Q: 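Below is the structure I would like to discuss, written out as structure tokens.
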Amino acid sequence: MADDRHVRVRFAPSPTGKLHVGGARTAIYNWAFARANHGTFILRIDDTDPTRSTEENTQIILRAMRWLGLDWDEGPEVGGDYGPYRQTDRMQLYRDAAQRLWDEGKAYPCFCTPEKLAADKAAAEARHDPFQGYQRTCRDIDPAEARRRIDAGEPYTLRIKVPLDRGDVVVHDAVHGDVTFNARELDDFIIFRSDGTPTYNFATVVDDAMMGITHVIRGDDHLSNTPRQIMVYEALGAPVPTFAHISMILGPDGKKLSKRHGATSVEEYRDAGYLSDAFVNYLALLGWSLDGETTIVPRDVLAREFSLDHVSKNPSTFDPKKLDAINQAYYLAMSDREFSERVLVPELRSAGLEAAEGALAHDDAWYDLLSSILKPRTVVAPDVVGKARFLYEGDEVELDEKSVEKNLAKAGARGFVTAAVEALEALDDGAWHAEAINAALEALPERLGASKRKFFGAVRVAACGNQVSPPLGESLELLGRSCTLARLRCAEGIAAE
RNA sequence: GUCCCCAUCGUCUAGCGGUCAGGACAUCGCCCUUUCAAGGCGACGACACGAGUUCGAGUCUCGUUGGGGGCACCA
């Protein structure tokens with residue numbers, strides 16, 4: 001094992017799309033593993049597929065990484081001693097490495113056409129040959145002959161020459177243990193395409209070897225081609241890293257998570273109003289546990305306690321409900337001030353309730369009070385907008401039809417509102433606080449011979465416009481004396497007698 | 001077809017030979033309560049199946065079944 005070396009791990013996304021939740025989790029594990037072991041976390045852009053990779057996607061991924069708070073020690077924009085950190089900028093390195101293997105007789109040119117390869121494979125399949133890989137057709141072509149054909153312009157690929165006596169390959173995996181692959185499965189796979197570009201299995205290994213990667217933490221889907229990658233390490237004479245293959249993330253139907261299951265990209269969750277900390281917390285727990293009991297694992301704890309041997313082997317199902325629960329737990333843990341600054345005000349601004357920039361309509365105490373009542377009612381950030389809107393409608397609230405029908409339209413409602421107006425008028429501006437407001441209204445239902453439910457329901461709709469609202473006392477305090485009384489008087493006019 | 005991986009409540013998981021199989025989310029009920037939440041208490045609910053090994057198996061072995069992944073001049 002290479003564990004005694006300084007830990008160096010990498011996250012190497014392909015910019016063929018946005019950062020997916022599965023990729024995000026892989027990134028989180030790599031980051032956390034590096035931090036927990038005082039190692040180095042490297043970000044590398046695996047963009048060897050020119051047709052599908054875009055610069056735009058690269059930027060989206062970098063942005064998502066920053067939003068997730070996964071800072072990298074080496075990589076794009078921060079540099080490092082093992083760069084460049086984009087595969088397209090490393091082409092010469094792959095060529096050099098391949099040339100070296102060729103010179104050393106560990107790789108050889110293959111002139112088989114794709115058609116021949118397909119035919120060979122079909123034939124192997126037809127005779128039920130357990131070995132369906134490359135038939136090593138060009139393995140023993142005389143070097144001089146090969147040279148001649150190359151010089152004549154014949155297209156060729158470069159294949160790795162797997163030693164015939166290699167024997168079984170065992171992958172030492174930190175989450176799966178030792179996984180043995182039969183030597184028979186290994187074939188002389190292509191390391192360089194006929195167009196002169198390296199294949200993934202070759203490029204990644206060259207990179208990981210040159211970058212001194214000690215632990216390769218990646219998706220389960222790579223386990224099967226790890227043996228061939230090991231062949232490359234061996235040919236290169238580089239130490240084989242420790243692998244850690246983590247299971248996939250599935251959708252609610254047990255199928256691999258995809259678009260049809262809803263949001264799959266990190267930025268969609270950011271835009272939906274999830275907290276980065278909560279999102280990282282949830283994803284970290286999807287396949288890893290601290291102790292089996294703890295659900296709230298802040299980033300710093302993750303960075304300290306993360307360990308590969310608590311990584312689960314089974315695939316996990318993405319559960320939006322649990323994400324919600326964790327997100328809400330993070331809000332609940334915030335102080336009113338923090339909630340106000342990080343959640344409430346930004347949402348009010350982007351919803352246009354508050355000016356996009358500059359001074360706010362109220363003082364800090366007002367937002368803190370609002371935060372205190374909205375916090376336990378918020379699952380995702382944008383929830384605050386709908387719940388705070390009634391505070392921004394001036395003296396005439398928009399009355400919810402159904403609420404009016406079930407409250408103000410009921411007999412006696414006018415009397416309730418009138419009584420409330422009288423009681424509240426007795427309070428002057430200086431005494432306009434939730435506690436005093438509640439005290440002033442408290443005795444009224446009994447005096448009027450009405451249930452609290454009916455009385456407060458009528459007042460609530462009159463002042464807040466809806467039978468569902470944050471606590472009444474605080475709501476009226478936030479509304480202010482004059483606005484509250486204006487709304488109540490307005491409702492008196494339409495309330496049933 | 002072949003190779004590999006996986007298998008504990010609906011979901012995420014704890015468990016690393018002897019546990020009343022624990023926690024969290026979800027669901028349901030009760031409490032609190034002027035609405036909605038939040039909170040408190042409680043209920044429901046799992047070792048896929050079959051053989052072994054063992055005094056004893058969720059834990060070890062093999063098989064079955066069921067999922068997933070690889071076998072590309074994709075990554």
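Given the structure is predicted, the values throughout are model-derived calculations rather than measurements. A note on names: the letters A, B, ... follow the listed sequences, proteins ahead of strands, and every chain is numbered from 1. Both backbone and side-chain heavy atoms feed into the values below; hydrogens, waters and symmetry mates do not.
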Q: Using both distances under 3.5 Å as the test, list the Watson-Crick or G-U wobble partner of A43(B), or none.
A: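 Its partner is U27(B).
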Q: From C-beta outward on Pro114(A), which listed nucleotide comes closest to its side chain: C73(B), C3(B), C5(B)?
A: C73(B)
Q: So what does Asn438(A) hit on the nucleic acid, given a heavy-atom distance under 4.0 Å: a base, only sugar-phosphate, or nothing?
A: base
Q: Counting any heavy atom closer than 4.0 Å, what does Glu442(A) reach on the DNA or RNA strands: base, sugar-phosphate only, or nothing?
A: nothing
Q: Would you mind pulling out the nucleotide paired to C32(B), Watson-Crick or G-U wobble, both distances under 3.5 Å?
A: none
Q: Hey, is CD on Glu55(A) packed in by over 12 heavy atoms from elsewhere, all under 6.0 Å?
A: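 Yes, because the 6.0 Å sphere around CD of Glu55(A) holds more than 12 heavy atoms from other groups.
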Q: Using the P atom as the reference point in each nucleotide, state the distance between G15(B) and C60(B) in Å, no decimals.
A: 12 Å
Q: Say you pick atom P in A57(B) and the same atom in C20(B); how far apart are they, in whole Å?
A: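 Here A57(B) and C20(B) have their P atoms 15 Å from each other.
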Q: Check every strand shown and say whether Phe181(A) touches a base, only sugar-phosphate, or nothing at a heavy-atom separation below 4.0 Å.
A: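 If one applies the 4.0 Å heavy-atom cut-off, Phe181(A) turns out to touch the sugar-phosphate alone, with no base involved.
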Q: What is the distance from CG of Leu223(A) to P of C71(B), rounded to the nearest Å?
A: 12 Å
Q: If you measure from the C1' atom in A46(B) to the same atom in A26(B), how many Å do you get, rounded?
A: 15 Å
Q: Can you tell me which nucleotide in G69(B), A24(B), C25(B) comes closest to the side chain of Ser224(A)?
A: G69(B)
Q: Would one find a side-chain N or O of His176(A) under 4.0 angstrom from OP1 or OP2 of C6(B)?
A: yes
Q: If you only use heavy atoms from C-beta on, which nucleotide in C73(B), A14(B), A75(B) is closest to the side chain of Ser289(A)?
A: A14(B)
Q: Compare the minimum distances between each of G68(B), U34(B), A38(B) and the side chain of Met248(A), then state the nucleotide with the smallest one.
A: G68(B)
Q: Looking for any heavy atom pair under 4.0 Å, which part of the strands does Cys110(A) touch: base, sugar-phosphate only, or nothing?
A: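 Contact class for Cys110(A): none.
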Q: Quick check: Tyr200(A) with Phe192(A) (ring centres under 6.0 Å apart)?
A: no
Q: Measure from the side-chain heavy atoms of Ala325(A) and tell me the nearest of C25(B), G70(B), G39(B).
A: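 Within the option list, the nearest is C25(B).
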Q: Looking for any heavy atom pair under 4.0 Å, which part of the strands does Ser194(A) touch: base, sugar-phosphate only, or nothing?
A: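 The residue Ser194(A) makes base contact.
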Q: Do NZ/NE/NH1/NH2 and the carboxylate oxygens of Asp46(A) and Arg44(A) come within less than 4.0 Å?
A: yes
Q: Take atom C1' in C16(B) and the same atom in C3(B), then report the distance between them in whole Å.
A: 29 Å
Q: Check Arg86(A) with Asp47(A), please: is the shortest side-chain N to carboxylate O separation under 4.0 Å?
A: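 Looking at Asp47(A) and Arg86(A), the cut-off is not met.
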Q: Would Lys116(A) and Asp120(A) pass as an ion pair if we require N to O under 4.0 Å?
A: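 Judged by the 4.0 Å cut-off on N to carboxylate O distance, Lys116(A) and Asp120(A) do form a salt bridge.
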Q: Remember a base hit wins even if backbone is also touched, and classify Pro227(A) as base, sugar-phosphate or nothing at under 4.0 Å, heavy atoms.
A: nothing
Q: Round to the nearest Å and state the distance from Arg184(A) atom CZ to C71(B) atom P.
A: 18 Å
Q: Could you work out which one of U34(B), C3(B), C36(B) sits closest to the side chain of Val468(A)?
A: C36(B)
Q: Would you please confirm or rule out a distance under 4.0 Å between OP1 or OP2 of A72(B) and any side-chain N or O of Lys121(A)?
A: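 Lys121(A) to A72(B) OP1/OP2: side-chain N or O found under 4.0 Å.
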Q: Assign each of Gly457(A) and Arg159(A) to its nearest nucleotide of RNA chain B by heavy atoms, then name whichever residue's nucleotide is nearer the 5' end.
A: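 Closest to the 5' end, via its nearest nucleotide, is Gly457(A).
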Q: Need one value for His245(A): base, sugar-phosphate or nothing, where a base atom within 4.0 Å counts as base even if backbone is also close, heavy atoms only.
A: nothing
Q: In the structure shown, which nucleotide is the Watson-Crick or G-U wobble counterpart of U19(B), with both distances under 3.5 Å?
A: none
Q: By the 4.0 Å heavy-atom rule, please label Leu332(A) as base, sugar-phosphate, or nothing.
A: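 Sugar-phosphate, no base atom in range.
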Q: For Asp221(A), which contact category applies under a 4.0 Å heavy-atom criterion: base, sugar-phosphate, or nothing?
A: sugar-phosphate
Q: Which part of the nucleic acid, if any, lies within reach of Thr180(A) when heavy atoms closer than 4.0 Å are counted: base, sugar-phosphate only, or nothing?
A: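 Since only primed, P, OP1 and OP2 atoms lie under 4.0 Å of Thr180(A), the category is sugar-phosphate.
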Q: Does the gap between the ring centers of Tyr274(A) and Phe279(A) come in under 6.0 Å?
A: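 Ring centres of Phe279(A) and Tyr274(A) not closer than 6.0 Å.
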Q: If the plane angle is over 60° it's perpendicular, under 30° parallel, otherwise tilted; pick one for Tyr233(A) and Phe243(A).
A: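 Ring orientation, 0 to 90° scale: perpendicular.
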Q: Between Lys452(A) and Ile373(A), which residue's closest nucleotide on RNA chain B lies nearer the 5′ terminus?
A: Lys452(A)
Q: Show the distances under 3.5 angstrom between N or O atoms of the protein and N or O atoms of nucleotides 10-12 of chain B.
A:
residue, atom, partner, partner atom, Å
U11(B), O3', Thr317(A), OG1, 3.4
C12(B), OP1, Thr317(A), N, 2.9
C12(B), OP1, Thr317(A), OG1, 3.2
C12(B), O2', Leu285(A), O, 3.0
C12(B), O2, Lys322(A), NZ, 3.4

Q: Is there a donor on the side chain of Arg453(A) or the base of U34(B) sitting less than 3.5 Å from an acceptor on the other?
A: no
Q: Output the single nucleotide from A26(B), C5(B), C73(B) whose closest atom is nearest the side chain of Val179(A).
A: C5(B)
Q: Between His310(A) (NE2) and U13(B) (C1'), how many Å, whole number?
A: 12 Å
Q: Round to a whole Å and report the spacing from CG of Asp187(A) to P of G70(B).
A: 16 Å
Q: Counting only Watson-Crick pairs (N1-N3 plus N6-O4 or O6-N4) and G-U wobbles (N1-O2, O6-N3), all under 3.5 Å, who is the partner of G50(B)?
A: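 Answer to the pairing question: C62(B), which forms a Watson-Crick or G-U pair with G50(B).
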Q: Are the aromatic rings of Phe189(A) and Tyr134(A) close, with centres under 6.0 Å apart?
A: no
Q: Is the number of heavy atoms from other residues, nucleotides or ligands under 6.0 Å of Gln59(A) CD greater than 12?
A: yes
Q: Using a strict threshold of under 4.0 Å (side-chain N to carboxylate O), is an ion pair present between Asp188(A) and Arg139(A)?
A: yes
Q: With C1' as the reference atom in both, quote the distance from G10(B) to C28(B) in angstrom, rounded to an integer.
A: 14 Å
Q: For Asn407(A) and C36(B), what is the distance between atoms CG and P respectively, to the nearest whole Å?
A: 12 Å
Q: When the distance from CD1 of Ile45(A) to P of A75(B) is rounded to whole Å, what number comes out?
A: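 To the nearest whole Å, that distance equals 15 Å.
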Q: Quick check for you: among C73(B), C4(B), G23(B), whose closest atom lies nearest to any side-chain atom of Glu293(A)?
A: G23(B)
Q: Rounded to whole angstroms, how far apart are CG on Asp178(A) and C1' on C5(B)?
A: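 One finds 14 Å between C1' of C5(B) and CG of Asp178(A), rounded.
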Q: What I want to find out is whether Glu234(A) reaches Lys106(A) closely enough, with some N-O distance under 4.0 Å, to be called a salt bridge.
A: no
Q: Looking only at the side chain of Arg377(A) (C-beta and beyond, no hydrogens), which of the listed nucleotides C3(B), C36(B), A75(B) gets closest?
A: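 Looking only at heavy atoms from C-beta outward on Arg377(A), the closest nucleotide is C36(B).
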Q: Base, sugar-phosphate, or nothing: which does Thr48(A) touch, judged by heavy atoms less than 4.0 Å apart?
A: sugar-phosphate
Q: Would you classify Pro445(A) as touching base, sugar-phosphate or nothing, given that sugar-phosphate means primed atoms plus P, OP1 and OP2, and contacts are heavy atoms under 4.0 Å?
A: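 The residue Pro445(A) makes no contact with any strand.
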Q: Hey, does Phe456(A) have a side-chain heavy atom less than 4.5 Å from the side chain of Pro445(A)?
A: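 In contact.
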Q: Considering only atom C1', compute the distance from C4(B) to U8(B) and round it to an integer number of Å.
A: 23 Å
Q: Give me the distance, rounded to whole Å, that separates G39(B) from A75(B) when you measure between the P atoms they each carry.
A: 48 Å
Q: What is the distance, to the nearest angstrom, from the CG atom on Leu257(A) to the C1' atom on G69(B)?
A: 16 Å
Q: Considering only atom P, compute the distance from U11(B) to C47(B) and round it to an integer number of Å.
A: 12 Å
